[in-house]
Amino acid sequence: MSVPHVIPIRHEPDYRTRTTGRWRGGRFFASVTAAFPEDWSGDDWQSQKRWCAVLHHFDGAGRHLDSRIRFTGTTADGEERAIAAARRLLAEWLDALPERQYQDIAIAPFALRFEGALFGLVLEKDEEEADRVWAELYPDGLGFYAPWDGEYDS
């Protein structure tokens, strides 16, 4: 099965895709997540694990338009405080989306880097099984795969 041009993402109200949907300007995917810099060596993980609010905007066809990303603290600074700050910020951003509706969406792969961390829906290929392709949402760690029905693994 080939990879579709837009990857379906199922809205799950009580789980990791609870803040996906449509608004007057198109589609959106939002989350509170942690990101590590791409060049992170594995040392001192608490100071490198940065919590953030993320709001990706897409047009009506699912093409990436822009992203709002703000880091709110590290695990070393106090994980609960950083997560709470990111949740408050994300709630403000979502409240500002006119005609917001939470629902399934489909978006095209995209990638961007913000302060040394990868964000986006990136197509990945298995090194041992060349025909095994999936779309990985970074840094959230959600993997979408055939049969491309919007379900994901985390």
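The figures here come from the full heavy-atom set of this structure, side chains too, leaving out hydrogens, waters and symmetry mates.
- Checked by atom type and distance alone, the side chain of Thr72 pairs as donor or acceptor with a backbone atom of Ala82 at under 3.5 Å.
- The shortest side-chain heavy-atom distance between Tyr102 and Arg18 does not fall under the 4.5 Å cut-off.
- Counting heavy atoms from C-beta on, the side chains of Arg63 and Leu65 never come closer than 4.5 Å.
- A donor-acceptor pair is defined here as one N or O able to donate and one able to accept, closer than 3.5 Å; such a pair exists between the side chain of Thr20 and the backbone of Gln103.
- Using a 4.5 Å cut-off on side-chain heavy atoms (C-beta onward), Lys49 and Phe36 make contact.
- Other residues, nucleotides and ligands contribute at most 12 non-hydrogen atoms within 6.0 Å of the CD atom of Glu80.
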For this session: Would you please test Leu94 and Phe28 for side chain to side chain contact (heavy atoms under 4.5 Å, CB included) and show each step?
Result: CA-CA 9 Å; Leu94 290 169; Phe28 67 91; 3.7 Å; yes
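- With hydrophobic clusters built from ILVMFWY side chains whose heavy atoms lie under 4.5 angstrom apart, Ile105 shares a cluster with Leu142.
- Residues Ser31 and Arg16 are not in side-chain contact: their nearest non-hydrogen atoms beyond the backbone lie 4.5 Å or more apart.
- Under the 4.5 Å side-chain contact rule for hydrophobic residues, Ile83 and Leu89 share a cluster.
- In this structure, Asp95 and Arg100 have side chains that are in contact, with non-hydrogen atoms separated by less than 4.5 Å.
- Applying the ring-ring contact (aromatic ring centres under 6.0 Å, His included) test to Phe110 and every residue at least two apart in sequence or in another chain returns His56, Phe58, His64.
- Between the side chain of Arg27 and the backbone N or O of Gly21 there is no donor-acceptor pair closer than 3.5 Å.
- For the residue pair Glu38 and Tyr138, no side-chain donor N or O sits within less than 3.5 Å of a side-chain acceptor on the partner.
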